[in-house]
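Read the structure below first, then the notes.
In each ligand, atom 1 is the first atom listed, and ligand 1 is the first ligand listed. When a residue number appears, it is its place in the shown sequence, counting from 1.
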Amino acid sequence: EPAGYVPAVVVGSGYGGAVAALRLAEAGVSTLVLEMGRAWDAPSSDGKVFCSTASPDRRSMWFRTRTAAPLASFLWLDVVNRDISPYPGVLDRVDHPGMSVYVGRGVGGGSLVNGGMAVTPDRAYFREVLPQVDADAMYGTWFPLANRMLGVNTVAPDWFESTEWYQFTRVSRAQAARAGLATTFVPNVYDFGHMQREAAGTATKSALAQEVIYGNNFGKRSLDRTYLAAALGTGKVTIETLSRVRAIRRDPDGSYVLTVAQTDLTGAVVATREVGCGALFLAAGSLGTTELLLRARETGALPDLSPAVGKGWAGNGNIMLGRANHLWNPTGARQSTIPVMGINDWNNAANPVFAEIAPLPIGLETWVSLYLAITRNPERGTFVYDPATDAAVLNWSRSQNQPSVAAAKSLFDRVNRANATIYRYDLFGGNRVFADDFCYHPLGGCVLGSATDAYGRANGYDGLYVVDGSLVPGSIGVNPFVTITALAERTMARVLAQDGIT
Ligand code: FDA
């Protein structure tokens with residue numbers, strides 16, 4: 001079978017991939033995007049594209065027989081998860097020995113399932129994490145561009161103060177204040193105008209109908225509505241779905257050749273083909289990109305890749321936890337799924353924590369305050385290629401989460417003391433308070449400036465680029481997609497100006 005040839009290939013259609021596709025197309029380069037998930041653009045027989053969190057079906061998760069939601073139990077009961085039939089659903093949980101990583105699958109990647117929190121990192125911390133990146137250009141050009149392109153907006157403060165849908169947030173804010181802690185509004189890509197219309201009964205409910213981790217049917221400006229819509233609009237971009245890149249090699253003429261497995265909705269491989277390209281942009285996410293490069297290096301296909309490929313991974317210090325409130329402090333049966341506020345104690349030198357106030361949108365009064373804490377954890381994991389399974393295995397032990405647990409505990413012990421409240425033990429299994437076995441923010445594995453140059457060009461190989469979360473060295477102190485988007489914009493501007501991609 002002769003290899004099909006395209007000028008540029010982008011692997012993955014999350015933040016990095018969407019930026020790369022649009023900017024290549026605008027520069028006139030015909031681009032093929034290969035995405036292992038499906039397109040989420042057509043309703044099923046129930047009239048909806050995505051299933052609801054309350055009654056998940058096969059659309060919810062990636063090839064599982066039972067859902068595996070982050071909040072696994074309530075009052076220690078297995079009431080959250082449901083049996084489903086295997087299908088290329090939108091949310092995946094990739095289980096490594098010491099850490100499970102949640103990722104989105106489909107055209108739009110993580111933007112389909114995430115909470116939409118769109119946070120530009122603290123400048124001093126950004127400089128510390130990525131010292132080789134010009135902070136003036138990031139904060140003057142690339143962060144503002146990313147915010148504009150992603151459609152970032154903020155909840156209207158007067159509506160926030162009055163709506164029942166954010167009572168859970170106001171309760172947590174008051175309790176943080178009693179402990180002397182500052183809170184701050186968190187911007188989002190969910191359209192708050194739409195949310196207000198949902199509350200008023202003039203728009204179909206999505207964030208106000210418990211939709212988020214298995215997709216929002218309305219309201220969210222996911223990448224398929226922003227960058228990817230613009231990319232397709234140029235006429236220069238093709239997106240092929242259910243197409244998983246398995247291997248990368250290089251031909252003597254310098255072009256890259258990808259082995260692509262085409263699957264059907266049962267997961268069976270229906271065809272394997274080769275695609276050749278002049279320029280290759282890897283945007284398969286921290287886990288996906290790192291695995292592709294590690295496999296290429298370790299099998300000898302791309303032997304000159306940096307020894308740093310596979311190193312510098314962490315989950316942004318993610319820790320979830322819940323607190324139990326007093327009966328006179330209800331958090332509300334009605335909760336928006338979209339978080340809008342965080343407790344900002346990042347400048348606490350001993351225990352820096354940025355803790356988002358998360359909803360528990362099950363339609364009942366629970367008296368629970370839930371949080372996603374982002375902590376500063378110096379521990380890093382390493383991916384190792386396992387030839388027996390042809391997969392990358394993450395070397396990360398549960399004990400490496402201990403600094404994160406300690407930081408979260410330090411902050412929420414203060415909140416509990418100030419409010420005479422206690423933790424919840426029933427939410428994450430095993431009577432644990434702190435969920436330290438999963439993360440939403442996988443970062444690193446192919447770190448900027450060590451596995452690549454300062455712009456994401458893979459060391460050792462011309463025309464091979466990394467443009468996703470694998471560039472960020474394990475921690476960024478806030479939710480990462482604005483940073484990933486801004487860094488991808490910076491890379492694309494540079495390589496399209498300098499590298500002669502046609
Ligand atoms: P991303 O993971 O978005 O995209 C990679 C794509 O590549 C996927 O579509 C995948 O299917 C595809 N792919 C992988 N391997 C492939 C292969 N071999 N061949 C073909 N395709 C392949 N962040 C934030 O800033 N604010 C928030 O509120 C949240 N909330 C949140 C909630 C939940 C539930 C999750 C799971 C995640 C978040 N995040 C978040 C994290 C955020 O979604 C994440 O950081 C970004 O999506 C990462 O962007 P990337 O471009 O790196 O990859």
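- Protein heavy atom in closest approach to atom 3 (O) of ligand 1: G110 N, 2.9 Å.
- The pair D95-R64 meets the salt-bridge criterion, with a side-chain N (NZ, NE, NH1 or NH2) lying under 4.0 Å from an Asp/Glu carboxylate O.
- Of all atoms in ligand 1, numbered sequentially from 1 with element shown, those under 4.0 Å from a heavy atom of G469 are 52 (O).
- Of the candidates V212, L112, N114, N114 brings a heavy atom nearest to atom 30 (N) of ligand 1.
- Around atom 47 (O) of ligand 1, the closest heavy atom drawn from Y214, F481, Y15 belongs to Y15.
- Checked against a 3.5 angstrom limit, the closest N/O atoms of G108 and ligand 1 fall outside it.
- By the criterion of a heavy-atom distance under 4.0 Å, both the backbone and the side chain of N479 are placed next to ligand 1.
- The nearest heavy-atom contact from the protein to atom 21 (N) of ligand 1 is M36 N, 3.2 Å.
- Two residues are said to be in side-chain contact when any heavy atoms from C-beta on lie closer than 4.5 Å; R380 and K311 fail this criterion.
- Judged purely by atom type and a 3.5 angstrom limit, S336 uses its side chain to pair as donor or acceptor with the backbone of I338.
- Annotation for ligand 1: atoms under 4.0 Å from non-hydrogen atoms of G12 are 6 (C), 7 (O), 12 (C).
- The nearest heavy-atom contact from the protein to atom 4 (O) of ligand 1 is G14 CA, 3.4 Å.
- Against a heavy-atom cut-off of under 4.0 Å, R105 is close to the following atoms of ligand 1: 10 (C), 11 (O), 14 (C).
- The part of H441 lying near ligand 1 is the side chain, judged by heavy-atom distances below 4.0 Å.
- With hydrogens and angles disregarded, no donor-acceptor distance shorter than 3.5 Å links the side chain of T141 to the backbone of M138.
- Remark: minimum distance from atom 50 (P) of ligand 1 to any protein heavy atom is reached at D468 CB, 4.0 Å.
- Under a 4.0 Å criterion applied to the non-hydrogen atoms of V113, ligand 1 contributes the atoms 34 (C), 36 (C).
- Using cut-offs of 30° and 60° on the angle between ring planes, the pair Y102 and F438 is perpendicular.
- Given atom 41 (C) of ligand 1, the protein heavy atom at minimum distance is Y440 O, 3.3 Å.
- Put simply, the side chain of R221 does not reach to within 4.5 Å of the side chain of L150, judged on heavy atoms.
- Here F354 and Y125 keep their ring centres 6.0 angstrom or further from each other.
- A donor-acceptor pair under 3.5 Å links the side-chain atoms of N217 to the main chain of V49, judged by distance alone.
- Residue P442 forms a side-chain contact (heavy atoms from CB on, under 4.5 Å) with just one option from P480, S470, S286, and that option is S286.
- Taking each of E35, R246, R38 in turn, the one with a heavy atom nearest to atom 9 (O) of ligand 1 proves to be E35.
- The shortest N/O to N/O separation between I213 and ligand 1 does not fall below 3.5 Å.
- Looking at R376, its side chain never comes within 3.5 Å of a backbone N or O of A407 through a donor-acceptor pair.
- Just one of T382, V101, N401 meets the side-chain contact (heavy atoms from CB on, under 4.5 Å) condition when paired with W396; it is N401.
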Working for side-chain hydrogen bond (donor to acceptor under 3.5 Å, both in side chains), residues N377 and T375: CA-CA 6 Å; N377 185 338; T375 63; 5.4 Å; no
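- Checking A284, P480, S243 against atom 20 (C) of ligand 1, the nearest heavy atom belongs to S243.
- Atoms of ligand 1 found under 4.0 Å from any heavy atom of G116, numbered from 1 in the order shown, are 27 (C), 28 (O).
- Near A283, the atoms of ligand 1 lying under 4.0 angstrom from a non-hydrogen atom of the residue are 5 (C), 6 (C), 7 (O).
- Between F160 and Y166, the ring-plane angle classifies as tilted under the 30° and 60° cut-offs.
- Ligand 1 places these atoms under 4.0 Å from at least one heavy atom of G109: 3 (O), 4 (O), 8 (C), 9 (O).
- Counting protein heavy atoms only, atom 48 (C) of ligand 1 is closest to I484 CD1, 3.7 Å.
- In this structure, atom 16 (C) of ligand 1 is in close contact with the protein, since a protein heavy atom lies within 4.0 Å of it.
- Every N/O-N/O distance between G288 and ligand 1 stays at or above 3.5 Å.
- Classification of the F481-Y15 ring pair by plane angle, with boundaries at 30° and 60°, yields parallel.
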message: Is there a side-chain hydrogen bond (donor to acceptor under 3.5 Å, both in side chains) between N344 and T184? Walk through the geometry before answering.
response: CA-CA 7 Å; N344 190 355; T184 171; 5.5 Å; no
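- Nearest protein heavy-atom contact of atom 26 (N) of ligand 1 is M117 O, 2.8 Å.
- Under a 4.0 Å criterion applied to the non-hydrogen atoms of V11, ligand 1 contributes the atoms 19 (N), 20 (C).
- Distance from atom 18 (N) of ligand 1 to its nearest protein heavy atom, with residue and atom name: V245 O, 3.1 Å.
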